[in-house]
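To start, the structure under review is shown below, and the notes come after it.
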Amino acid sequence: MSCHKNVYITTPIYYVNDIAHIGHAYTTIIADTIARYSRMSGLDTFFLTGTDEHGQKIEESAKARGKSSQAYADEISATFRNLWDDFHITYDKFIRTTDEDHKKGVQKAFNTMYENGDIYKDVYKGHYCISCETFFPKSQLVDDEFCPECGKSTVIVEEESYFFKLSKYQDKLLEWYNNNPECILPKSKRNEVIRFVEGGLEDLSITRTSFDWGVKLPENLNDPKHVMYVWLDALMNYVTALGYGTDEKNMHYWPARVHLIGKDILRFHAIYWPAFLMSLGLPLPKHIAAHGWWTRDGEKMSKSKGNVVNPREVADAYGLDNFRYFLLREVPFGGDGDFSQKALIDRINSDLGNDLGNLLNRLIGMSDKYFEGKIDSTHVAKYYQTELNEVESYLDRLEPLLFEMQIHRYLEELWRPLAVANKSIDKYQPWTLIKEGKEEEVMALNGLIAGILAKVATMLYPVMPEICTKIAEALHFEINTENWQKLIKDKKLLETFTIEKIPPLFPRIEELLLAQPQTVVQKTEEKPVKKEEKKNVEKKEEGIALIGIDQFFQTSLKVGTVVAAEEVPKSAKLLLLQVDLGEEHPRQIVAGIKEWYSAQDMLGTQVCVVANLKPAKLMGYTSEGMLLAAKDENGLCMIRPEKPKKSGTSIG
RNA sequence: GGCAAGGUAGCUCAGCUGGUUAGAGCGCUGGUCUCAUAAGCCGGAGGUCGGGGAUUCGAGUUCCCCUCUUGCUACCA
């Protein structure tokens, strides 16, 4: 609902360590759509996007490429900006965290929080992941060393740091969540945040001395070795973009109507950010809206799989507006979405081509054939009041859906008037009416259809600006605030005009327009075993990758009983075992344990086996599984069930 | 392990505070008009509403148990 006169909409600022993918495009397109609607409806709108450019990771990436941090950031930042420009994203400001104004604003904020007693200096000791730029308690580390987020090695860092008194805001945050049921969307995410905060908040380390590429502390603190923690720097962009700490000239847009984000950065936005704002004495945003992920053909996207959706490629092949429509229509806000060319083509052919594009064509045909293109709405209400009422009742429901981020519902509802139009043509059969000499009725029907198309095009404009502009041109009107008021709010119809005969807006798409990535093709042909192989490849490339529990369960672990054991001839390490896994035949498993266990040792004992491993040949013997064992400097020992278990019992 | 949300037609989902024959879109299928992009319109098939139990005159809708999925979180590896 519009209760602010000003509407301020933000996307996250995108980290320049990555190139733009479908997720970035999705966030930005949602924001653009809301911004366009706000402007169209006459609200004073400010739409912000930009890039986040500081941090150790950037410093290192730049170094690795032999560039200065600034040059590297310039380069990647430009790729984002160019993409948004090519996508006709109507941002009012593209902020960069390397902007001087931003840096000044952040320093001002730091000072204010410091003066308010929310920042203190202490020593931080912890395991730090350079890649994630995050400290982790050792309890969270993998193997006491590796980052639980990215799997890379962490380093122990003991450094002087400034801390923000996040703990102080725990109750105030909870109060905010409770008093503002819609502060975090979707609501299920709000519950997660509440539970997390209820679990207790620790003060937040907000400066670093281990690298240099960041905003320095305010000079009056005279502590030049510190730079600000990237999240403090980054979050602050939402106010520095409005001039906070410098000219303040756009601060009247604050607080934000909505911060659009991906669900991965919810915690920063839903906990740290409001706490920072409280400390600064600024009002809190109305909504923090977290959307879900996109998969491709049901699979997670990753660079190593080579199945990342390139938004530019898709837009080029299928049309920018069509892509926008698909993204916004396909998935309920907050949920994960699946991108596939088939789904995209279905949307284009069915929703856009059949229901919308073809309707315009029908109107062009009828008006051309019967009235040489002229359309006059004078008598619409006389014959079609029922249809008008129905259409208006649908249109009346739309606006709230958009501002509640229910854009898929918004589009669904927006299609109902089109159905009314398509049905009316069949119901009243203008071709029959014309034969009966009822020209006024036919003209009125055309007026009705034209009116419906004009209204739908207006409301669809924020989602599909180019296409709707074309529709408007064909119907000789312009999409602007005045006409939005007239067609939507005042429920008027179009004036008399002569329709333009334009070619079909959505030519039918009969085949995939983009080549499918290899992995997707393989997926249908190969069994899960292959899938695991790919996972392994991924590991090698990225260090110890994190997996989901689902992936873990792809590994079949079973208790087995060794029913036969012998040495593999000419091998120093291998034993040849027959292990009963409760299957028809025992598995033959070749295990490299002879240095620690003799064949006799193993016979009759129970072991844990990876049962769905692709068979391998070792010294000429097929091995159909792998034994679990632990090895350190003192040797190797088997992992066994504590108590005897039936052969084949699964472990998990 | 804890918490949360879910399991409804082939697919994606809607079903508010319990009430007559459980809905939509897509897909499939039969029919039909001709203004139109093999589009439109009308009709049809298809669901023991995850399983079991309880409350009730009556439960997809409430309660309990089980099961599976997803998310967050803890801990172990």
Side-chain angles (χ1 to χ4, degrees), chain A residues 137-144 146 148 184 186-200 263-264 266-267 270-271 290 292-293 295 298 329-332 334-338 340 342-371 373 375 406 408-409 411-416 418-435 442-443 445-446 449-450 453 499 501-510 544 547-550 552-553 555 557 608 628-630 639 651-652:
Chain A
K138 54 180 169 300
S139 64
Q140 272 188 29
L141 297 182
V142 177
D143 291 340
D144 287 334
F146 300 103
I184 296 165
K187 285 178 184 160
S188 55
K189 291 288 166 197
R190 173 169 159 265
N191 295 336
E192 283 177 18
V193 170
I194 290 175
R195 262 176 276 128
F196 186 86
V197 174
E198 282 171 347
K263 62 184 182 183
D264 55 325
L266 178 63
R267 191 168 302 165
I271 300 175
W293 296 131
T295 52
R329 176 61 240 263
E330 189 69 6
V331 33
D336 290 340
D338 184 52
S340 72
K342 183 182 181 307
L344 174 58
I345 290 170
D346 282 351
R347 286 290 178 200
I348 294 172
N349 286 344
S350 176
D351 296 4
L352 297 176
N354 295 352
D355 298 343
L356 174 60
N358 189 44
L359 178 63
L360 178 61
N361 256 30
R362 300 178 85 178
L363 178 65
I364 290 172
M366 289 191 293
S367 57
D368 184 52
K369 196 159 186 171
Y370 304 141
F371 305 108
I375 293 180
Q406 298 290 314
H408 78 293
R409 294 268 301 113
L411 290 169
E412 197 181 344
E413 291 300 315
L414 186 51
W415 249 244
R416 295 190 190 280
L418 297 176
V420 172
N422 275 318
K423 278 180 201 182
S424 302
I425 299 176
D426 284 80
K427 183 175 172 191
Y428 297 106
Q429 305 190 358
W431 50 91
T432 308
L433 293 175
I434 214 78
K435 281 178 200 155
V442 177
M443 181 57 96
L445 183 69
N446 285 355
I449 310 298
L453 275 167
I499 197 168
K501 289 165 74 172
I502 60 170
L505 295 169
F506 308 100
R508 226 181 148 66
I509 299 171
E510 304 288 358
I544 297 178
I547 61 165
I549 192 77
D550 56 330
F552 171 75
F553 282 131
T555 311
L557 295 174
C608 297
L628 294 189
I639 310 292
I651 304 169

* Would A:Val442 and A:Met366 satisfy side-chain contact (heavy atoms from CB on, under 4.5 Å), going step by step from the backbone distance to the final call? -> CA-CA 9 Å; A:Val442 177; A:Met366 289 191 293; 5.9 Å; no
* To do: Report the C-alpha separation of A:Ile271 and A:Leu266 in whole Å, then their side-chain angles, then the decisive distance to 0.1 Å, and conclude whether the side-chain contact (heavy atoms from CB on, under 4.5 Å) test is met.
  => CA-CA 8 Å; A:Ile271 300 175; A:Leu266 178 63; over 6 Å; no
* To do: Starting from the 5' end of RNA chain B, give me the residue, A:Ala419 or A:Ile364, whose nearest nucleotide shows up first.
  => A:Ile364
* Asked: Rounding to the closest angstrom, what is the interatomic distance between B:G44 and B:C26 at atom P?
  -> 16 Å
* Has A:Arg195 got a side-chain N or O lying under 4.0 Å from the OP1 or OP2 atom of B:A4? -> no
* **P atoms of B:A77 and B:A5, separation to the nearest Å** => 32 Å
* Asked: Does the side chain of A:Asn446 pick up a donor-acceptor pair with the side chain of A:Ser367 at under 3.5 Å?
  -> no
* So, A:Tyr370 and B:C35: ring centres less than 5.5 Å apart, planes less than 30° off, yes or no? -> no
* Heavy atoms under 4.0 Å, any strand shown: does A:Ser350 hit a base, just sugar-phosphate, or nothing? -> sugar-phosphate
* Can you check whether any acceptor in the base of B:A36 is under 3.5 Å from a donor in the side chain of A:Asn361, or vice versa? => no
* Tell me: CG of A:Asp426 to P of B:C42, nearest whole Å? -> 8 Å
* Structure fact -> In whole angstroms, the gap separating C1' of B:U37 from CG of A:Asn354 amounts to 8 Å
* Asked: Partner of B:U20 by Watson-Crick or G-U wobble geometry, both contacts under 3.5 Å, or none?
  -> none
* Interatomic distance, A:Glu192 CD vs B:G6 P [rounded to whole Å] -> 13 Å
* So how far is it from A:Arg267 CZ to A:Glu192 CD, rounded to the nearest 0.5 Å? -> 9.0 Å
* To do: Would you kindly compare A:Lys263 and A:Asp355 by the position of their nearest RNA chain B nucleotide and give the one closer to the 5′ end?
  => A:Asp355
* Could you measure between the two C1' atoms, the one in B:U17 and the one in B:G50, and give it in whole Å? => 25 Å
* To do: Rounded to the nearest 0.5 Å, what's the gap from OH on A:Tyr370 to CG on A:Asp368? Could you check?
  => 11.0 Å
* If you measure from the P atom in B:C28 to the same atom in B:G71, how many Å do you get, rounded? -> 32 Å
* If you measure from the C1' atom in B:A24 to the same atom in B:A9, how many Å do you get, rounded? -> 11 Å
* Structure fact -> By the Watson-Crick or G-U definition, both distances under 3.5 Å, B:U61 is matched with none
* To do: Identify whether any heavy atom of A:Pro430 sits under 4.0 Å from a base atom; if not, whether one sits that close to sugar-phosphate; answer base, sugar-phosphate or nothing.
  => nothing
* Structure fact -> The Watson-Crick or G-U wobble partner of B:C49, with both key distances under 3.5 Å, is none
* Asked: A:Trp431 has a side chain; which of B:C33, B:G40, B:U73 sits nearest to it?
  -> B:C33
* Structure fact -> Atom CZ of A:Arg267 and atom C1' of B:C72 are separated, to the nearest Å, by 8 Å
* Separation of A:Glu330 CD from A:Asp351 CG (nearest 0.5 Å) -> 9.0 Å
* Asked: Say you pick atom P in B:G60 and the same atom in B:G53; how far apart are they, in whole Å?
  -> 14 Å
* Asked: B:C26 pairs with which nucleotide, Watson-Crick or G-U wobble, both distances below 3.5 Å?
  -> B:G10
* To do: For nucleotides B:G46 and B:U29, find the distance between their C1' atoms and express it as a whole number of Å.
  => 11 Å
* To do: Grab the CD-P distance between A:Glu413 and B:G25 for me, whole Å please.
  => 12 Å
* Grab the NZ-C1' distance between A:Lys435 and B:C33 for me, whole Å please. => 10 Å
* Asked: When the C1' atoms of B:A14 and B:G43 are considered, how many whole Å apart are they?
  -> 23 Å
* What integer distance in Å separates A:Tyr428:OH from B:A36:P? -> 21 Å
* Structure fact -> From NZ of A:Lys423 across to C1' of B:G40 the rounded distance in Å is 11 Å
* Structure fact -> From the list A:Asn358, A:Ile449, A:Leu445, side chain to side chain contact (heavy atoms under 4.5 Å, CB included) partner of A:Leu363 resolves to A:Ile449
* Asked: Looking across every strand, which nucleic acid part, if any, lies under 4.0 Å from A:Leu359 by heavy atom: base, sugar-phosphate, or nothing?
  -> nothing
* Mind checking who B:U70 pairs with, Watson-Crick or G-U wobble, both distances under 3.5 Å? -> B:A4
* Asked: From B:C35, B:G40, B:A4, pick the nucleotide closest to the side chain of A:Met366?
  -> B:C35
